[in-house]
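These figures come from a predicted structure and were not determined experimentally. Lettering follows sequence order; numbering is per chain, from 1. Reckoned from all heavy atoms, side chains included, excluding hydrogens, waters and symmetry mates.
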Amino acid sequence: MTFKQQVIEVVRKIPRGKVVSYGQVAAAIGSPRGARQVGWALHTLDGDHSVPWWRVINNEGRISIKGNMMSTPLLQKKFLESEGIKVSKNLEIDIEKYRHHFASLLPM
DNA sequence: ACGGTGACACCAG
DNA sequence: TCTGGTGCCACCG
């Protein structure tokens, strides 16, 4: 089980219309300090729509994806809006309003 | 093994 | 707010 595969598993669980931060994904796979690696894992998906990568944003509630402002970041904005998530002109999102909380790994 | 590279997160000023 | 610096760690050559 590679790090990337674990990231994919977690991201697949994000429900439609919800978002999570890179750090949340990292914590969910047991690597609370691995936010940057999550970003790396998603960039390697290279447009794979079988994984809802667009539901992952940074903890500030902003689209953190790199690239030409005319292309990829706006694509993510488009996907999010298609799920009813409001995204401002400057790629900002009210993350606390849409944040999904993964179920705890441990039983209570 | 080693050093450079990042879709991050957090803190100081 | 916004910028810059730091810690972080999987991957690649």
Side-chain angles (χ1 to χ4, degrees):
Chain A
M1 201 51 157
T2 68
F3 182 91
K4 177 177 174 179
Q5 292 176 310
Q6 296 182 71
V7 169
I8 291 175
E9 253 186 50
V10 172
V11 173
R12 277 187 186 291
K13 295 178 181 175
I14 307 171
R16 223 184 123 78
K18 291 290 188 178
V19 299
V20 301
S21 69
Y22 295 90
Q24 277 182 272
V25 175
I29 65 177
S31 296
R33 307 284 104 193
R36 302 191 68 171
Q37 292 73 269
V38 171
W40 169 84
L42 295 185
H43 102 76
T44 62
L45 291 179
D46 195 41
D48 181 353
H49 286 216
S50 70
V51 180
W53 54 265
W54 57 89
R55 295 177 190 152
V56 184
I57 63 180
N58 70 29
N59 205 36
E60 308 271 292
R62 308 177 66 168
I63 290 178
S64 190
I65 190 170
K66 296 294 187 186
N68 192 338
M69 278 311 247
M70 291 300 288
S71 53
T72 332
L74 294 186
L75 175 64
Q76 180 167 14
K77 178 177 187 287
K78 194 171 175 184
F79 274 125
L80 290 172
E81 291 178 328
S82 75
E83 301 187 345
I85 295 174
K86 228 159 129 49
V87 183
S88 74
K89 195 92 174 185
N90 31 289
L91 310 180
E92 295 174 339
I93 298 161
D94 183 348
I95 189 170
E96 299 313 332
K97 176 177 178 181
Y98 302 107
R99 193 194 290 276
H100 169 64
H101 299 280
F102 291 114
S104 174
L105 300 174
L106 304 173
M108 60 173 282

Length of the line joining [X]:[atom1] and [N]:[atom2], which is rounded to integer Å:
| X | N | atom1 | atom2 | value |
| --- | --- | --- | --- | --- |
| A/Asn68 | B/dA7 | CG | C1' | 15 Å |
| A/Gln37 | C/dC9 | CD | P | 7 Å |
| A/Leu91 | B/dC8 | CG | P | 13 Å |
| A/Lys66 | B/dT5 | NZ | C1' | 12 Å |
| A/Met1 | C/dA10 | CE | P | 15 Å |
| A/Arg33 | B/dC11 | CZ | P | 10 Å |
| A/Trp40 | B/dA9 | CH2 | C1' | 20 Å |
| A/Arg36 | B/dT5 | CZ | C1' | 8 Å |

Which heavy-atom pair separates A/Tyr98 from A/Gly84 by the least distance, and what is that distance?
OH-O, 3.9 Å
Quick check on B/dA7: is either OP1 or OP2 less than 4.0 Å from any side-chain nitrogen or oxygen of A/Thr72?
no
Given B/dA7, is OP1 or OP2 found less than 4.0 Å from the side-chain N or O atoms of A/Asn58?
no
Parallel, tilted or perpendicular: which describes the rings of A/Phe79 and A/Trp53, with under 30° parallel and over 60° perpendicular?
perpendicular
If you round to the nearest 0.5 Å, how far is CG of A/Asn58 from CD1 of A/Ile65?
12.0 Å
Any non-hydrogen side-chain atom of A/Ser50 less than 4.5 Å from a side-chain atom of A/Arg12?
yes
Indicate, with a heavy-atom threshold strictly under 4.0 Å, whether [X] touches base, sugar-phosphate, or nothing.
| X | result |
| --- | --- |
| A/Thr44 | nothing |
| A/Gly23 | sugar-phosphate |
| A/Phe3 | sugar-phosphate |

Going by an N to O cut-off under 4.0 Å, is there a salt bridge joining A/Arg99 and A/Glu96?
yes
Between B/dC8, B/dA7, B/dC10, spot the one nearest the side chain of A/Trp53, thanks.
B/dA7
